[in-house]
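Below: one structure, written as structure tokens.
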There are 2 protein chains.
Amino acid sequence: MNIESLHLFVDVARTGSFAKAAAVHRLDPSVASRRISKLERDLGFRLFQRTTRTIALTEVGTEFFSRIEPHLIAIHEAQQAARDLVAQPIGVLRVTASTSFGYEILSPLLPEFLASAPRLRVELMLTDRRINLIEEGIDVAIRLGELPDSEFVATKIMPITFRLYGREKWSDASGVPEQLECVTYTGAAEAVRLRSPVGSIHDVKVNSRLAVSNALAMKRCVTMGVAPGLLPNWLVKSELADGTLVDLFPGYDYRSEPDRAAWFVYPTRLYVPSKVRAFIEFVTKRLSP
Amino acid sequence: MNIESLHLFVDVARTGSFAKAAAVHRLDPSVASRRISKLERDLGFRLFQRTTRTIALTEVGTEFFSRIEPHLIAIHEAQQAARDLVAQPIGVLRVTASTSFGYEILSPLLPEFLASAPRLRVELMLTDRRINLIEEGIDVAIRLGELPDSEFVATKIMPITFRLYGREKWSDASGVPEQLECVTYTGAAEAVRLRSPVGSIHDVKVNSRLAVSNALAMKRCVTMGVAPGLLPNWLVKSELADGTLVDLFPGYDYRSEPDRAAWFVYPTRLYVPSKVRAFIEFVTKRLSP
DNA sequence: GATATTCATGCGTTTTTAGCACTAAAGTGT
DNA sequence: ACACTTTAGTGCTAAAAACGCATGAATATC
């Protein structure tokens, strides 16, 4: 049973004519006639009595008409409302990211984003586990590092580069050391390769006596003076600005695997809700150099 | 947009599974999957987020679900109610017949018929005009005499035979007269042919000094003693029983045109409402010998 | 880690629908 | 009273949609 046919029925009942209702719906009159006939077959009762030139609602037709009309309208309105919901950034946007990224990067952006989308609520789920986007009803996740292989869509936010930072400038006259005592991220690389301004390559072995599983805490350990650390660019902006941390080997290039970046990850590409699009656009704009 | 698909959507949302909902609807899971996809295309937004093994309502899906569900139920109930309306003799039955037939035949039947269908109202439109069944919303008409040529369905109630009746037995020893002073129905035959019990044929010329356009009034004229009259069988039952009228030529056969009868006439034969069927059955049963 | 469940898709077949031309009948206007 | 116009409905054919089945991919589950 077709909803459009029910709407057509309503219009036929209103106008008292297949031809007029067909014109409203941009249909050939014969199509209107046949659709109503099919509707009657589906329903199991006759809606109109017909002569070759006139139609009249049957008793059941009248009854059915008055009963379904408000509900047809309601369903149509529900559809409209739902369309608006995906067309405008309203409703609830569920975002997940690592605690560190959320704290360091997202939090400062949120006041302005929330102001730009007044009818939107944001639920920021900060966790260092990779949770299931579907089950948790996540609209968009921010994932760092390797691009996750999945059916989800990924768009790049910004490249991520790691450099060695510490409390004080590296002043050893012999230049880049062969090994360095560092605070490390759990499971991080054990060596980094640098290229000096003049082109020479230096491999630095990273000795770690303290491995931390949280980027923020790791940074704090570095600033507290435990040891230098290999830290991502996004984590150290303010510390570089106020001098709390300094680049140990400025001018050196760090060779890193390609596509090390921050990514938006979200399900599918058809019908991306506008709240998701709005968030992605806003954040990307603010974080791109 | 298909109503069944909307119901399917509701069940999928409830069970959280295409396969389960498909089983409920006796569908192949792939059909369920495709119907929901088509529904999403029609609606313009995505109802579920999917992985290969799980689905979850999107935010719009949830919103849409809760908004349309009661209306879907309401439409379904409207259909059920309408089906019941045609399946049981309830509602309003509009009947038209001639005033005479209504007075003489239908009126006595109505108490019992109404009792047999307690939820039915009857509107008895007695008129000697042949009104338009469609325009007036008539469910069933009773027409006497020649079968009307039309797109309507006709079923026979009972044969109609005309005989000559008067206040007193015909006692002329010479038997059937060649001509007879009669009260006639407007436009009625001017002669009748009788066959005696022994087989002899007698043509009686009907002389009319009074023609009446209403059968009841005509009968009354006869009983009042104006003259004998050519009256239909259905009109004289009680008068024959109580002796007010007598058959002038008992034992004689009256030759009449074929198919002179009382007919039910009603629009179409598909989806005859049960109130119409009930009425036709009841009346036919009571009037058949 | 093997198995089975679940959603999705490709493909050939069947069913449904649209569009057009045409018929029959009934209003409409002169 | 007559021609004209409008309206509902029907054949017919081409196009579109839906179905059922087999198959594939991914992920729960035991």
Side-chain angles (χ1 to χ4, degrees), chain A residues 1-5 8-9 11-42 46-58 61 130-136 148-152 267-270, chain B residues 1-6 8-9 11-42 46-58 61 130-136 148-152 267-271:
Chain A
M1 205 162 49
N2 195 290
I3 290 249
E4 283 78 27
S5 294
L8 179 67
F9 159 63
D11 287 338
V12 171
R14 278 256 173 64
T15 60
S17 155
F18 285 2
K20 288 202 188 91
V24 172
H25 288 246
R26 309 265 168 97
L27 295 171
D28 189 286
S30 69
V31 173
S33 171
R34 272 196 271 245
R35 284 199 185 171
I36 297 296
S37 294
K38 168 153 171 38
L39 191 58
E40 289 176 325
R41 255 186 295 131
D42 291 343
R46 190 154 264 247
L47 295 165
F48 299 99
Q49 285 301 348
R50 302 140 159 95
T51 67
T52 48
R53 255 182 77 80
T54 54
I55 57 173
L57 272 172
T58 59
R130 293 221 164 175
I131 58 183
N132 186 311
L133 301 196
I134 302 297
E135 278 179 3
E136 304 285 334
D149 55 317
S150 74
E151 78 263 43
F152 299 128
T268 181
R269 184 155 264 164
L270 295 167
Chain B
M1 204 162 50
N2 194 292
I3 290 250
E4 283 79 27
S5 295
L6 288 173
L8 179 68
F9 159 61
D11 287 338
V12 172
R14 278 256 172 63
T15 60
S17 156
F18 285 2
K20 288 202 189 90
V24 172
H25 289 247
R26 309 265 168 98
L27 295 172
D28 190 285
S30 68
V31 173
S33 171
R34 270 196 272 246
R35 283 199 185 173
I36 297 297
S37 293
K38 170 155 169 38
L39 192 56
E40 290 176 325
R41 256 186 296 131
D42 292 343
R46 189 153 265 246
L47 296 166
F48 298 99
Q49 285 302 347
R50 304 143 161 91
T51 67
T52 48
R53 255 181 76 82
T54 53
I55 57 173
L57 271 172
T58 58
R130 294 219 163 176
I131 57 182
N132 185 311
L133 301 195
I134 302 295
E135 278 180 1
E136 302 286 333
D149 57 316
S150 73
E151 77 261 43
F152 298 129
T268 181
R269 182 154 266 164
L270 295 166
Y271 314 124

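Atoms considered below: every heavy atom in the structure, side chains included; atoms not considered: hydrogens, waters and symmetry mates. Here is how names work: the chains are called A, B, and so on, in the same order as the sequence lines, proteins then strands, and each is numbered from 1.
- Between the C1' atom of C:dA25 and the CD atom of B:E135 lies a distance of 14 Å, rounded to the nearest Å.
- When distances are taken from the side chain of B:S33 to each of C:dT9, C:dA26, C:dC20, the shortest belongs to C:dT9.
- The CD1 atom of A:I131 sits 5.0 Å away from the CD atom of A:E136 when rounded to the nearest 0.5 Å.
- Between B:F18 atom CZ and C:dT6 atom P the separation is 13 Å, expressed in whole Å.
- Where A:T54 and A:K38 each meet DNA chain C at their nearest nucleotide, the meeting point lying more 5' is that of A:K38.
- The nearest whole Å value for the distance from the CG atom in A:D28 to the C1' atom in C:dC22 is 12 Å.
- Whole-Å rounding puts the B:R41 CZ to C:dT9 P distance at 11 Å.
- Nearest-nucleotide positions on DNA chain D for A:G16 and B:L27 put A:G16 closer to the 5' end.
- With B:E40 contributing its side chain and B:F48 its backbone, the two residues share a donor-acceptor pair below 3.5 Å.
- Listed nucleotides: C:dG27, C:dC20, D:dA25. Nearest to the side chain of A:S30: C:dC20.
- Between B:H25 and B:D11, some side-chain heavy-atom pair lies under the 4.5 Å cut-off.
- Nearest heavy-atom pair, A:I134 versus B:A56, reported as atom, atom and distance to 0.1 Å: O-CB, 3.7 Å.
- Look at CZ on B:R50: it is 22 Å from P on D:dG24, rounded to the nearest Å.
- In this structure, the separation between CD1 on B:I3 and CG on A:N2 is 8.5 Å, given to the nearest 0.5 Å.
- Protein atom CD of A:E4 is 12 Å distant from nucleotide atom P of C:dT17, rounded to whole Å.
- A:Q49 places its CD atom 17 Å from the C1' atom of C:dA25, with the value rounded to the nearest Å.
- Of the candidates D:dG9, D:dC19, C:dA26, D:dC19 carries the atom nearest the B:V31 side chain, counting heavy atoms from C-beta on.
- What separates CZ of B:R35 from P of D:dG20 is a distance of 8 Å, to the nearest Å.
- Nearer to the 5' terminus of DNA chain C, by closest-nucleotide assignment, is the contact made by A:R34 (compared with the other of A:R34 and B:N132).
- Residue-level contact check: B:S17 touches the backbone only, with heavy atoms under 4.0 Å from sugar-phosphate atoms and none from bases.
- With distances taken from any side-chain atom of B:A19 to the nucleotides C:dA8, C:dA18, C:dT6, the minimum falls on C:dT6.
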